[in-house]
Participant: 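I have a structure here, written as C-alpha cells, and I will follow up with some questions on it.
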Amino acid sequence: MNDKRDGFGSKLGAIAAAAGSAVGLGNIYRFPCLAGENGGGAFLLIYVLIVLCLGIPIMMAEFYIGRRGGKNPVGSIKALAPKSHWNLIGYTGILAAFVVLAFYSTVSGWTLEYIYKAITNYFADKDIAAIEQGFTEFHNNPFRPYMWQVIFMGMTAFIIFKGIKDGVEKYTKILMPALFVILIILCVKSLTMDGASEGLKFLFKPDFSKVNGTMFLAALGQAFFSLSLGMGALITYGSYISKKDNLATTSLSVVVADTMVAILAGIIIFPAAFSFGIQPEAGVGLAFNTLPMIFDKMVGGYFFCIIFFILLAIAALTSTISLLEVIVTFLTEEHGMKRNTATWFGTLVSLFFGIFCTLSLRQDSVFVFGDMTFFDFMDKFSANILLPIGALLIVIFVAWKMKKESFYDEITNQNTLKIAVKGFVFFIIKYVAPFVIIAIFINQLING
Ligand code: PFF
C-alpha cells in the first residue's frame, strides 16, 4: 500500500527542484554559443519570447498532468484517462529518462575529472593543443572516465535514496543558491576584464539579418531541452507539488531562473574569451578545452577554474537527480518496487547504457555506427526525437483529450486562485504548441 506519498515541503523547494532539473549542462555551454552564432541579441529576444509564450504553457501542462494525476508519468495519465492508450506518453518519458541519463552521466563524470585537474593545476602553462590532447587521452583511458561516471551516478543515487523532501528538495535548496553564487562571482570577474565589452557585444548586439527559420527552430529546440520539457521529469515533479501551490507562478519562476542562468553563462564566457582574443567554439570543446586555457591566463585563474567546474558539476547533478527520480517514481508506483531497490535498479541500468556511451568515445571504439558514436546517437535520439514527440503528445493529451474545465480547475486550485492568463495558456497549448513542435521535429529530421 502507498501510505502517505512523499512531496515537496514548500513552494520554494518545488521551484528549486524544478529549476535544478532545467538548469543543466545545456545552459552553460550550449546556450551561449548558440546565441553568439545566431545573431546575438536577436537570438536572445526570440529565445525569451519562446520560453515565455510556449515554455511556460507547456510546463504548466506537464505540472497539471502530474499534480492532477498524483503519480509517475504512466500512473498519472492512467488516472486521468483510464482504460486508454494515452499512458504510452508516460512510457515515452521513462524511455527518454534512461536515454538522456546515459549520455548525460558521461559528461557529468567529466566535470569531476576536471575539478580534479583544476585542483591539481593540470592546466598550468598548457596551450590549447596540449589541453585538447589531454581530453582525448582521458577518453582513451581504460579506467578514469568510467570511475567518474560511476561516482557521479553514486552521488545522484545517494540523493534519490533519501526521497523527495529529505533528498531532492533538501539538496537542490542548497545546490541551486550555491550555483547562483558561483555564477555571480564568475560574472563579476569576467566583466571586469579588459575587452569585456567586445564579448558583451557579441552576445547581445542584435543582428536581425541572421533571423531565419533555422535559427528560430534552433531556439525552439534549445528551449525544450533546457526547460526539461517533453519527458516525465516535470510530470513527476508536478506530482510532488502541494495542492496549495500556484502552478503558474511556479512555472514562471523556473523559466526565469533557467533563462537567467543561460544568459549569465554567456556573460561569463564571451567577455573572458574576447579579452584574450579567442573566438569560442561551440559545444563540449568550449567547456573542457577553451575555458580552462582562458582561466590559466587570467589573474586568479586557478581559483576561477575550480569553481567553474564545480558549477558545471552542480548544474549536472540537479538535472541527473530529476532524471533518476522519473525512473524511481515509476518503478515504485507501477511495479511495486521499494524505493531503495528502484534506485539501485535505475542507477545500474542507466549506468550500463552510460558506460557504452563513454566507451563509444574511445578512438578505437567499436560502438560507432558510420560516423556516429553511441554517445551522439543517444544525445540526438533523445533531444531530436523522444523529447519533441513526448512534448507533442503531452500538449495534445492536455488540450484535446482532457477537458478545458479540468485544466482550469487544477491551475486555479479549484477556483481559489485567479489566473488571468488561463484562457491564453490553454489556447497556446491547444492551437500553437502542437504545430510549432511538429515544425521543429520535421526540421530536425531533415537536418540530421
Ligand atoms: N534541462 C537540462 C539541461 O539544460 O541541461 C537537461 C535535461 C534534464 C533534459 C532533465 C531533460 C530532463 F528531464
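First listed ligand is number 1; within each ligand, the first listed atom is number 1.
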Participant: Can you establish whether the number of heavy atoms outside Phe138 located under 6.0 Å from its atom CZ is more than 12?
Facilitator: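 Enclosed.
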Participant: Over 60° means perpendicular and under 30° means parallel, so tell me whether Tyr431 and Trp400 are parallel, tilted or perpendicular.
Facilitator: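 If you compare the ring of Tyr431 with that of Trp400, the planes turn out perpendicular.
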Participant: Listed by chain and number, what are the salt bridge (charged side-chain N to carboxylate O under 4.0 Å, His left out) partners of Lys117, not counting sequence neighbours?
Facilitator: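 Result, salt bridge (charged side-chain N to carboxylate O under 4.0 Å, His left out) vs Lys117: Glu113.
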Participant: Has His335 got more than 12 heavy atoms of other residues, nucleotides or ligands less than 6.0 Å from its NE2?
Facilitator: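 Enclosed.
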Participant: With a 4.0 Å heavy-atom cut-off, what residues sit around ligand 1?
Facilitator: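 Answer by chain and number: Ser21, Ala22, Gly24, Leu25, Gly26, Asn27, Tyr104, Phe225, Ser226, Ser228, Met231, Ala233, Ser319, Ser322, Leu323.
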Participant: Are any non-hydrogen side-chain atoms of Lys165 and Asp6 less than 4.5 angstrom apart?
Facilitator: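 SC-SC contact between Lys165 and Asp6 confirmed.
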Participant: Consider only side-chain N and O atoms of Glu325 and Thr236, and report whether a donor and an acceptor are under 3.5 Å apart.
Facilitator: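 No, no side-chain donor-acceptor pair sits under 3.5 Å.
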